[in-house]
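Here the structure comes first, spelled out in structure tokens, and everything after it is commentary.
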Amino acid sequence: MAALPPSPQSENISGEQNDSDLIQKTDESHRETLPNLPTGKGWMTEHLVQYQGFWFSPNGLKNLMWLHDHFNPRPTDIFLASFPKTGTTWLKALVFATVNRTRHSFSDHPLLTNNPHVCFPFLDAYLHEKDPSFLDLDGSPTPRLLSTHVPYALLPDSMTANGSCRFVYIYRDPKDVLVSKWHFLSKLRPQELPPLSLEEAFELFCRGISHNGPFWDHALGYWKTSLELPEKILFLKYEDLKEEPFAAVKRIGEFLGFPFSLEEEREGVVEDIVKLCSFENLRNLEVNRTIVHKFTTDILVDNRHFFRKGIVGDSKNYLTAEMIKRLDEITSHKFFGPGLLFHNS
Ligand code: PAP
């Protein structure tokens with residue numbers, strides 16, 4: 001189909017002029033697909049839908065379709081991929097500070113006045129907004145830093161092709177993910193829906209019914225590819241970052257093509273990054289105590305909700321012994337399959 005002349009509404013969403021017919025096509029295929037999908041109980045919306053083996057909110061599915069229809073990655077793009085509540089906010093801060101360390105001084109740093117989600121935006125949450133002011137992909141400096149919760153198997157080929165762009169993935173113990181997610185989404189759950197108990201959330205999580213879940217399939221998709229294509233995906237664990245943040249930052253710099261020089265190490269640049277991005281520092285900043293972040297026109301989140309406890313193992317304060325046993329069993333079953341030596345912790 002011939003491209004329509006550019007209109008103010010159809011420019012710049014993907015860095016190229018958008019064909020308004022194509023926009024309509026995405027909306028239509030979303031409308032047609034949605035009613036035919038299996039549904040499960042939602043955490044924040046009334047229900048989630050299952051699409052190609054993974055679970056999405058109805059809007060999340062639209063975001064995925066938008067990604068396929070409208071996004072053009074560049075080879076220099078850096079993606080942060082994660083399952084929700086695994087440490088995305090923290091890793092965004094660390095990667096942003098590492099990649100941009102020569103652009104900003106630590107005393108006057110963008111992370112001191114902006115939430116990490118502003119410095120490192122969510123690609124799949126903003127794309128379908130059709131409002132270029134939400135995400136100016138053309139205006140982002142190179143390398144573009146973009147994040148996604150989309151499972152690896154469902155990403156467009158343009159993103160997964162070897163040599164196209166790089167990913168940093170963060171994994172976290174699913175027990176802590178579940179508890180973190182339950183706290184977070186309970187705060188965002190609309191008043192008109194009845195509260196979701198931890199027991200219900202646990203059942204849904206175990207059955208894989210969770211945004212971009214099943215959790216284990218999400219992690220495995222990135223984990224397996226990180227083994228096959230180690231230059232494409234760096235697979236990190238929240239627990240390792242907590243234990244050895246300096247080593248993790250150095251690995252991130254190396255992997256992304258921004259290695260720390262000996263002089264930088266001597267000057268304490270790695271320490272400065274770790275300190276800037278620490279839970280205590282970020283949580284206490286005014287921007288992260290008082291400002292509301294607008295993910296989309298309908299998803300608004302108080303920045304303070306991104307910083308709850310920031311510790312390893314908090315799930316033991318909420319889950320019963322049986323719950324812990326069941327989740328650990330699912331994890332062992334999923335991860336210790338033939339040839340897959342994945343160490344959960
Ligand atoms: P998101 O998917 O909504 O972006 P995400 O940032 O992935 O959430 O995860 C939030 C978790 O990371 C929270 O964990 P908790 O509920 O167990 O406390 C949050 O506290 C933790 N977190 C946020 N920032 C940091 C940080 N700088 N260091 C360590 N943990 C952090």
Side-chain angles (χ1 to χ4, degrees), residues 43-44 56-57 60 63 79-98 109 111-112 114-126 145-151 168-189 198 201 205 210-213 215 218-219 222 236-246 248-249 252 272-285 287-289 292-296 299-319 345:
W43 296 61
M44 222 176 85
F56 301 93
S57 67
N63 297 340
F79 289 95
L80 189 160
S82 60
F83 189 87
K85 311 320 289 179
T86 50
T88 318
T89 314
W90 185 20
L91 189 57
K92 281 185 176 191
L94 290 171
V95 173
F96 179 86
T98 299
H109 200 279
L111 284 168
L112 295 173
N114 296 278
N115 179 268
H117 292 291
V118 170
C119 299
F120 201 136
F122 263 111
L123 179 63
D124 30 304
Y126 292 101
L145 302 180
L146 299 164
S147 78
T148 180
H149 284 322
V150 170
V168 180
Y169 184 83
I170 184 153
Y171 172 87
R172 188 181 189 187
D173 185 320
K175 301 188 291 299
D176 286 347
V177 174
L178 162 66
V179 167
S180 180
K181 183 180 160 102
W182 176 70
H183 278 285
F184 183 74
L185 292 187
S186 299
K187 288 173 193 125
L188 299 194
R189 197 169 158 87
L198 180 57
F205 192 87
S210 178
H211 306 82
N212 301 276
F215 168 86
H218 195 284
Y222 284 93
L236 299 166
K237 294 185 191 169
Y238 181 92
E239 294 76 12
D240 294 345
L241 252 67
K242 286 295 281 189
E243 206 172 306
E244 292 198 43
F246 306 110
V249 168
I252 291 168
D272 285 341
I273 290 175
V274 169
K275 211 155 83 188
L276 172 70
C277 304
S278 72
F279 180 81
E280 292 70 25
N281 189 49
L282 293 183
R283 186 185 55 166
N284 290 322
L285 295 171
V287 62
N288 293 328
R289 283 188 288 113
V292 174
H293 183 65
K294 194 172 180 182
F295 269 113
T296 62
I299 303 187
L300 305 174
V301 183
D302 280 1
N303 281 346
R304 67 195 157 93
H305 295 329
F306 294 113
F307 307 92
R308 193 181 63 92
K309 287 192 183 170
I311 56 171
V312 172
D314 184 45
S315 50
K316 65 179 178 305
N317 298 315
Y318 294 89
L319 303 180
S345 53

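Computed from heavy atoms alone, side chains included, the values below leave out hydrogens, waters and symmetry copies. Ligands are counted one by one from 1 in listed order, and the atoms in each one are counted from 1 as well. Here the structure is a predicted model, which means the values were calculated and not measured.
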Looking only at heavy atoms, is any part of [X] under 4.0 Å from ligand 1, and if so is it the side chain, the backbone, or both, or is it neither?
X    : answer
H117 : side chain
A93  : neither
Y238 : side chain
R172 : side chain

Fill in the blank from the handout: To the nearest 0.5 Å, atom CG of D176 lies from atom CD1 of I311 at 8.0 Å
Exercise for the section: Report the distance from atom CG of N317 to atom CG of D314, rounding to the nearest 0.5 Å. Expected result: 5.0 Å
Closest protein heavy atom (residue, atom, distance) for [atom]:
atom                    : value
atom 9 (O) of ligand 1  : K85 CA, 3.2 Å
atom 31 (C) of ligand 1 : F279 CD1, 3.7 Å
atom 15 (P) of ligand 1 : S180 OG, 3.5 Å
atom 5 (P) of ligand 1  : T88 N, 3.4 Å
atom 27 (N) of ligand 1 : C277 O, 2.9 Å
atom 23 (C) of ligand 1 : F306 O, 3.2 Å
atom 6 (O) of ligand 1  : T89 OG1, 2.5 Å
atom 26 (C) of ligand 1 : W90 CG, 3.3 Å

Handout entry: Atoms in ligand 1 flagged as close to F307, the criterion being non-hydrogen separation under 4.0 Å
Key = 20 (O), 23 (C), 24 (N)
Exercise for the section: Give the atoms of ligand 1, by number and element, whose distance to some non-hydrogen atom of T86 is under 4.0 Å. Expected result: 7 (O), 9 (O)
Problem - Option among F307, F96, F306 that satisfies the ring-ring contact (aromatic ring centres under 6.0 Å, His included) test with H117 - result: F306
Handout entry: Heavy-atom side-chain proximity of I252 to L91 below 4.5 angstrom
Key = yes
Fill in the blank from the handout: R304 meets the salt bridge (charged side-chain N to carboxylate O under 4.0 Å, His left out) criterion, sequence neighbours left out, with D302
Practice task
Name all residues meeting the salt bridge (charged side-chain N to carboxylate O under 4.0 Å, His left out) criterion together with K275; count only those two or more places apart in sequence or in a different chain, and write none if there are none.
Solution key: none
Practice task
Please confirm whether K85 makes a cation-pi placement over F184, using NZ or CZ under 6.0 Å from the six-membered ring centre and within 45° of the ring normal.
Solution key: yes
Problem - Distance-only polar pair, side chains of S57 and H211, donor-acceptor under 3.5 Å - result: no
Answer yes or no: does an N/O atom from [X] fall short of 3.5 Å to an N/O atom of ligand 1?
X    : value
F83  : no
K309 : yes
P84  : no

Problem - Y171 and F215 aromatic ring geometry - parallel, tilted or perpendicular at 30°/60° bounds - result: tilted
Practice task
Please work out which of the three classes, parallel, tilted or perpendicular, describes the rings of F205 and F83, given edges at 30° and 60°.
Solution key: perpendicular
Problem - Nearest heavy atoms of V168 and L236, plus distance in Å - result: CG1-CD1, 3.5 Å
